[in-house]
Amino acid sequence: MNKTVLAYVVSIATLLVAIWLGVSIGTVKIPIETLWNQADATASNILWKIRMPRVLLAGIVGASLAISGAAFQGLLKNPLADPYTLGVSSGASVGAVITLFFGISLPILGAFTLPVFSMMGAAITMFLVIGFARMVDRSMKMETIILTGIIFGSFLGSVLSLMIALTQEELRQIVGWLLGSVSMRGWNYILMVLPFFFIGTCMLWLNRRELNALLFGEERAHHLGVNVKQRKLMILLGGSVLTGSAVAVSGTIGFVGLVVPHMTRMLWGSDHRHVLPLSLCNGASLLIICDLVARTIISPAELPVGVITAFIGAPVFAYIFYKQRRKGAM
Amino acid sequence: MLQVDNLSGGYGREPIVRNVSFHVEKGEVLGILGPNGSGKSTLLKIISGILPKQSGKVMIAGKPSGAYTQKQFAQQVAVLPQLHAHAFSHSVKDTVALGRYPYQTGIFSSWSEFDEQAVQEAMNHTGVTRYENTAIELLSGGEQQRVFVAQALAQQAPILLLDEPTNHLDIAHQQQLLDTIRNQARQKGITVISVFHDINLAALYCDRLLLLKNGEVASIGVPQDVVLEPEIHHVYNARVKTQPHPEMPKPQMTLLPNLQEKVELFSVKKADITIKEDHVLLQSSQSLKTISSAVHNAGLGWYKTFVNRGVRADYMIDDVQRENTDYLRTLGYHLTDTVAMMTAVSPEHVEVEEYEGEFGSIVVAVTAGVGNAVDVSKSWQREDIPYIGTINTWVFVNGELSEEAFVQALITATEAKVKALQDEQVKDPESGTVATGTSTDSVLIASTQQGEYLPYAGPITQLGKLIGKGVYDCTVRAIHSYRLAVGEHG
């Protein structure tokens, strides 16, 4: 129990520190008092108009990706699964780019058209990837799922390239967006993504016990009394909602969903009642820090944040793959 | 508790399990047996709802299984899975606690004291409490399987389904696991249905067995009625022999191998029996199937070396077994290969003869110390302690004896011995009547199990006739020899 309390204390403290660093560091240094002291109007403006929405958006996106990664990994019993490696992020990107490309805006959805299409892209890809992997290999080995993710990811990537090639004027914007970034999005984006963040998180959190049972396989979960079909659907949809909405506001940011749950499990065990909230918290912290690095490391220019996460994520991916294969070989 | 009526189903369109019907009472342990691909696991999967049924009914506690929600079903039926690898680690306690999933309700945690108690109890019963905080993948296969038993017990379901629970476990873990399950079934009245690969384990631990062949019930009943040679041969197409378990009224079977090895023919001859300084010895080139009341390796077995040891008349040792074992060891005889008797008669007084019959021959060897003769019908009047007087009778048969023939050979040899004592007027010194033997007589029947099959050895069978004549002759001669020796020395 003490270990669990410690886990939450450390994670929340890290998140607060990350937010503090995120809002104060930059081309202009903003002291933390600005939060409550509005004497310095310029600083206050930078803080509330630029830094804060950026930090919060990074936090929400990081949290979404991390928690859906944790859920996908539990559901598929596959430590290498995350929205990016499964190709789900690419699916969401295609959904989003289609919306931008054709300028679709559905009357009822309005501003939510983009995230909704993005989520649909995520969900469809998710089901195709899992369906195909199951068709190839009923036992759905780790490698099979990842390979299927790569196949779908590559295909969707070429669809994206095609669409980019066809839109000449907006080219730069879409390319920047594709590499993943949370810059200059503003409060609108936060309001757009927030409801989906809550819905998706709730859907996954309601299945935390089921995810624990599913770690022992679908058959075992069935025996333990889990309504596997229904719960699986709920988890896949929850993950797609989170991934889709995150991609809609920030583009494809890879590996957050891989690195964060892995670290969380390594430090504090794989009980999903804690893995999910802790991943959420640490995912937010990680992306806030990565974004901070992305915008300061080659200042005044900015790197897309996806570059930083991939830089950290790929070696971690390699490490987990190595460990799992070694474990299997023994 | 659980009733299955005309159940058919499986993976594809063609059912693997066909028209299976049975019922299991509360607290009963039913074993499902059958060759690979006979539909054992499939049947279990259809009952537990993993695979769809095509027709028929599964009734659990009086209700069709489909009438339960998934959680309600898990409150009624727990399933023990086969061992498999896990990608993520869970602690032992968290794993066992998952057994309480069917009782968890509501959005927030509803872990109750009752849940905690059920988990602790399940861990205690399976002996995994001390690993409580260990990650499950760090445990050995046997320990992991115990954790999953604890998980299933924590489910507190009145029905437990097991699919080859002892797969990949060594025999100590097999025993522990099945003991635990059987004891739980008895104490808590849990109904157990388990698929078994091993017929002997199933026969030992189950109240009833169900034998499947090609998805259909070939036989169902108590182990004695299912583990039968023709039944097993029919279903598994393997040659087997069944025997009773030494401690329990349960049948056990052994395979009868069909080997391509060349059998070397051999026989026991009179000349094979040699007289050593203090013992009579027969060393056979191959093992003989033997039944005896010897001091060393009595009972039924296969032996090559036969020793009739002459000891002094005042031989008095507290631990005869041990002294005799040391003796055999110093002589360099292989202990597990040797049957040894004792007599107060010195070895040169042994009478050996070979008798020819139509089927082959027998060799008889007798030593007869009759100083301690007893009339068995009067022995209830005696109070003396047993003492090595002893008539030791060996009969070696060059033929193949049935079990019945072995027992009949013992009777026939004994009858011939009694007759010899009667004709020689050997008296029981206490009662003054004709003796029937001594207080410590031993008899041994050994056979090569080659050549002609001899189903019987009663007194008017070919074999019985030889045994009767041979044992009578040799005993009479041995008594003469003994009397001569006693006369000479005394």
Side-chain angles (χ1 to χ4, degrees), chain A residues 1 3-4 70 73-81 138-142 145 202-203 205-231 261-262 264-266 268-275 320-321 323-325 327-330, chain B residues 11 41 44-45 47-51 68-91 93-111 133 135-138 144 147-148 151-152 154-155 157 159-163:
Chain A
M1 205 59 210
K3 203 177 162 188
T4 317
Q73 286 155 27
L75 181 66
L76 300 171
K77 293 184 295 167
N78 186 336
L80 295 181
R138 266 195 74 84
S139 68
M140 296 227 287
K141 280 200 229 22
M142 194 168 79
I145 298 177
C202 283
M203 283 169 88
W205 190 72
L206 283 174
N207 285 294
R208 63 206 183 281
R209 290 191 289 246
E210 287 73 13
L211 277 166
N212 278 344
L214 281 162
L215 275 192
F216 293 97
E218 288 181 20
E219 208 167 285
R220 186 73 202 126
H222 176 98
H223 290 146
L224 288 168
V226 177
N227 188 334
V228 173
K229 248 187 195 160
Q230 187 192 322
R231 295 302 185 156
H262 176 68
T264 306
R265 284 200 183 88
M266 209 164 70
W268 297 303
S270 45
D271 183 343
H272 283 91
R273 285 173 301 177
H274 305 305
V275 169
I320 302 173
F321 184 51
K323 288 293 271 190
Q324 289 291 329
R325 285 310 295 252
K327 203 165 97 183
M330 275 193 304
Chain B
Y11 294 89
S41 296
L44 214 61
K45 282 182 177 166
I47 295 173
S48 66
I50 294 282
L51 290 177
Y68 294 93
T69 66
Q70 197 59 46
K71 276 191 178 180
Q72 287 168 339
F73 189 83
Q75 291 176 8
Q76 292 293 326
V77 180
V79 181
L80 181 70
Q82 286 196 16
L83 274 182
H84 39 65
H86 312 290
F88 299 107
S89 67
H90 256 324
S91 79
K93 193 182 166 191
D94 286 347
T95 306
V96 177
L98 266 179
R100 300 303 296 170
Y101 174 83
Y103 302 93
Q104 305 292 300
T105 48
I107 295 172
F108 292 95
S109 172
S110 58
W111 192 253
N133 297 313
I136 186 160
E137 80 263 22
L138 297 178
Q144 286 188 18
V147 173
F148 286 108
Q151 190 185 54
Q155 233 170 301
I159 298 174
L160 181 59
L161 303 181
L162 313 162
D163 191 358

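As a basis for the values below, the full set of heavy atoms in this structure was taken, side chains included, without hydrogen atoms, waters or symmetry mates. Just so it is clear, the model here is predicted, and its values are computed rather than measured. Residue numbering restarts at 1 for every chain, and letters A, B, ... go by the order of the sequence lines.
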ask   = Who passes side-chain hydrogen bond (donor to acceptor under 3.5 Å, both in side chains) against A:Asn227, sequence neighbours left out?
value = A:Gln230
ask   = Aromatic rings A:Phe216 and B:His90: how do their planes relate, parallel, tilted or perpendicular, breaks at 30° and 60°?
value = parallel
inquiry  = Out of B:Leu161, B:Thr95, B:Leu98, return the one with the most heavy atom pairs under 4.5 angstrom to chain A.
reply    = B:Leu98
Distance in Å, A:Arg273 CZ paired with B:Trp111 CH2, rounded so as to fall on 0.5 Å steps = 7.5 Å
key: Among B:Ser91, B:Ser48, B:Ala135, B:Gly99, residue most engaged with chain A (heavy-atom pairs, under 4.5 Å)   = B:Ser48
ask   = So how far is it from A:Arg220 CZ to B:Leu80 CG, rounded to the nearest 0.5 Å?
value = 6.5 Å
ask   = Rounded to the nearest 0.5 Å, how far apart are NE2 of A:His223 and CD of B:Gln155?
value = 9.5 Å
message = Less than 3.5 Å apart, any donor N or O on the side chain of B:Gln70 or A:Arg231 sitting next to an acceptor on the other?
response = no
ask   = Which answer fits A:Val226, side chain, backbone, both or neither, if we ask what part of it has an atom under 4.5 Å from a heavy atom of chain B?
value = both
query = For B:Asp94, which residues count as a salt bridge (Lys or Arg N to Asp or Glu O under 4.0 Å) partner, sequence neighbours excluded?
reply = none
Part of A:Glu218 within contact of chain B (heavy atom distance under 4.5 Å) = neither
task = List the atom of B:Tyr101, the atom of A:Leu224, and the distance in Å for their closest heavy-atom pair.
result = CD2-O, 3.2 Å
message = Quick check on the interface: out of A:Gly269, A:Ala221, A:Ser270, A:Gly225, who has the most heavy-atom pairs with chain B under 4.5 Å?
response = A:Gly225
message = With chain B as the partner, which of A:Asn212, A:Leu206, A:Asp271 has the greatest number of non-hydrogen pairs under 4.5 Å?
response = A:Asn212
